[in-house]
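Predicted, not measured: the structure shown is a model, and the values here were computed from it.
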Amino acid sequence: MDFESIPLHFGDRPAISPDYEFSTLIPWGTPINSSGPAFSWPVTSSADQEAQIGIGHDGMWFFAENGSSDSGWLCINHEFGRTTHVLDKPVPETVEDVRIMQAAHGNSVVKIGRDQRGVWEVVDDAANRRITVNTPVTFSGPAAGSALLENPAGNAPAGTLNNCANGYTPWGTYLTCEENFNGYFGSTGGWTASAEQARYGFTNAGFGYAWHGFDPRFDLASADYVNEANRFGWIVEYDPRDPDTPPVKRTALGRAKHEGCALTIGRGGRAVAYMGDDQRFDYIYKFVSDRNHRSMLARGMSPLDHGVLYAARFDEDGTGHWVELSLNNPAVAAGFSSEDEVLVNARIAADLAGATPMDRPEWTTVAPDGTVYCTLTNNTQRTEPNPANPQAPNPNGHIIRWTDSDRHVGTSFEWDIFVFADDTVGTGHDFGSADGLWADPSGRLFIQTDGAQPTGANDQMLVASSATGEIRRLFGGVEGCEITGIAVTPDQRTMFINVQHPGNGDSAVTRFPDFDPSLPPRDSTVVITRKDGGVVGS
Ligand code: FEO
Ligand code: CA
Ligand code: CA
């Protein structure tokens, strides 16, 4: 790292290191093709919103066109938007209002490239598309075809929800992860949560989206859609370049409030995925494919359909163990009789298997030396510490790391804590509630925050050296936002990050990025480059 760190940042506009510059790209409402409808607010047409970039910019990845660092496809998650922010009303009043909200969620795929001045812009392309809560999807893996994923209504699987962080595979696909899906369901009456539904946090009111009053798919009381809730909470894979194949929900990776999915290749060419489940006292998961990913793909099999799912147990002596979540594990078999039940209720399987309850596991990333890092964002409700989560309560969080045996495919690991956020307070690189995390090929860790900073400053992106632990602040967001999502071009000279929920959607706080009195604040991607054209983070 050789850039000037910026001070704690406040106010309604972003700030970046003087060695860097930034511009904004694809704010919420940008047409995904040039013939599309221009943004107007409040949004009054679901057809318009379906032809525009969604809201709640979160995880994303850049898929280069023939290795180019000037042209490629950006896949981006649209985690959530407040109803007031999108519709300018507290709750939907019609089915069309619900359809607008559903169209604002999901994913966007857009081709982007540099124009003649070198500025990144959207490029018209046949692959540009929206994936929303109503887009056809399919299920694959051991739980596909399970009765637990079928409804009496016979409705085909559709949609992805609350897409938080992400992953990407060496075979060129994008992984989008469904996090707080429970909040979109509610009950019109006469429903009580099963033990399984309670474990995933379903309630009568949900998070207040009130879709269930207009769309029975989201009504927990509807006998016709009794298993709709089981259709969310998955890792979803699609090929950005292939708009004709529906996204696939990979059931072998289990159902949880999936934050992200960091995929690496382990011993024997096996695909290994690390995943956080962001809830207080929930778990870190790992999936290992059965065989070499190349030979599986050559035989038409997905490496993400056949393998073993584990959850992490952190022991006091600095070692840990991946506990298997299948009927092969007697502790899991004591509670379940079939593999699909285990995967649909992966959290409960991990409870039975004795995984370690963590302080809200968010993003995971695999550094070039094989060390895996995971942000544990915070846990204000912890009263009993455990070795891996020693602070009770833990309002500012920490970052844990481990090294797996047998080049990622083994069931034991060694772990330690990379940094406690509390230890940064007063150092100048103060941060709390780390969330987004990405290790570059040189071992720099990009750390993004989401939540009340210990100093009251805006959320931010910092860069840490995994070798020395030194931390510098590269970017400061706007008031009321979180900073999330990381994508880079192959040459690492352009980085894309996101300002999510600027001003929490309140125009009185900020009107980023337009600063136009007729427009609300808009979630937006931010393009970061070094002024001298160097690698971002250096
Ligand atoms: Fe969507 Fe856990 O952040
Ligand atoms: Ca997050
Ligand atoms: Ca978060």
Side-chain angles (χ1 to χ4, degrees), residues 23-60 62 73-89 92 94-113 115 119-136 158-163 174 176 184 209 211 238 240 243 247 481 484-485 487 496 498-503 505 507 511-516 518-527:
S23 58
T24 58
L25 181 72
I26 58 166
W28 164 46
T30 303
I32 58 171
N33 279 302
S34 57
S35 58
F39 181 69
S40 65
W41 188 85
V43 183
T44 55
S45 160
S46 60
D48 282 4
Q49 179 62 87
E50 279 170 15
Q52 299 167 334
I53 296 288
I55 197 170
H57 297 33
D58 207 316
M60 60 183 166
F62 177 80
W73 292 268
L74 192 68
C75 296
I76 179 168
N77 293 349
H78 299 297
E79 186 185 29
F80 81 100
R82 290 179 169 80
T83 311
T84 47
H85 193 184
V86 177
L87 301 176
D88 195 26
K89 53 178 89 167
T94 63
V95 175
E96 174 63 1
D97 282 349
V98 171
R99 296 290 179 243
I100 293 167
M101 292 303 298
Q102 292 173 339
H105 285 71
N107 273 216
S108 295
V109 182
V110 278
K111 192 169 189 188
I112 57 172
D115 69 9
V119 177
W120 287 88
E121 60 176 12
V122 174
V123 177
D124 284 349
D125 189 74
N128 288 7
R129 62 195 187 273
R130 287 296 320 282
I131 296 163
T132 75
V133 178
N134 293 300
T135 301
T160 186
L161 251 184
N162 204 260
N163 304 81
Y174 183 68
T176 183
Y184 297 85
Y209 287 98
W211 294 358
Y238 65 86
C481 83
T484 184
F496 306 93
N498 288 316
V499 171
Q500 194 190 100
H501 58 78
S507 300
R511 290 186 189 270
F512 172 87
D514 308 284
F515 298 98
D516 175 337
S518 70
L519 292 174
R522 296 200 281 169
D523 301 62
S524 182
T525 298
V526 171
V527 184

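- The structure places CD of Glu121 at 10.0 Å from OG of Ser34, a figure rounded to the nearest 0.5 Å.
- Between the side chains of Tyr238 and Asn107, at least one donor-acceptor pair of N or O atoms lies under 3.5 Å.
- The CG atom of Leu161 sits 6.0 Å away from atom OH of Tyr184, with the distance rounded to the nearest 0.5 Å.
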task = For Ser518 and Asp516, run side-chain hydrogen bond (donor to acceptor under 3.5 Å, both in side chains): C-alpha distance rounded to whole Å, both residues' side-chain angles, the deciding distance at 0.1 Å, then the answer.
result = CA-CA 5 Å; Ser518 70; Asp516 175 337; 2.8 Å; yes

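- From Cys481, atom SG reaches atom NE2 of His501 across 7.0 Å, with rounding to the nearest 0.5 Å.
- Ring orientation note: the planes of Phe62 and Phe496 are close to parallel, at an angle under 30° on the 30°/60° scale.
- Under the 3.5 Å distance criterion, the side-chain polar atoms of Glu96 are matched with a main-chain donor or acceptor of Ser46.
- In this structure, Thr83 OG1 and Asp88 CG are separated by 11.0 Å, a value rounded to the nearest 0.5 Å.
- Rounded to the nearest 0.5 angstrom, Trp41 CH2 and Arg522 CZ are separated by 12.5 Å.
- Among His85, Gln49, Gln500, the one residue that satisfies the side-chain hydrogen bond (donor to acceptor under 3.5 Å, both in side chains) test with Trp28 is Gln49.
- Side-chain atoms of Ser35 and Asn33 form no donor-acceptor pair, as typed in the model, at a separation below 3.5 Å.
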request  = May I have the step-by-step check of side chain to side chain contact (heavy atoms under 4.5 Å, CB included) for Phe512 and Val526, ending in yes or no?
outcome  = CA-CA 11 Å; Phe512 172 87; Val526 171; 4.2 Å; yes

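- Classified by interplanar angle (parallel below 30°, tilted 30° to 60°, perpendicular above 60°), the ring pair Trp211/His105 is perpendicular.
- Once rounded to the nearest 0.5 Å, the distance linking CZ of Arg129 with OG1 of Thr135 reads 9.5 Å.
- For the pairing with Thr176, the side-chain hydrogen bond (donor to acceptor under 3.5 Å, both in side chains) check across Asp58, Thr160, Asn77 returns one residue only, Asn77.
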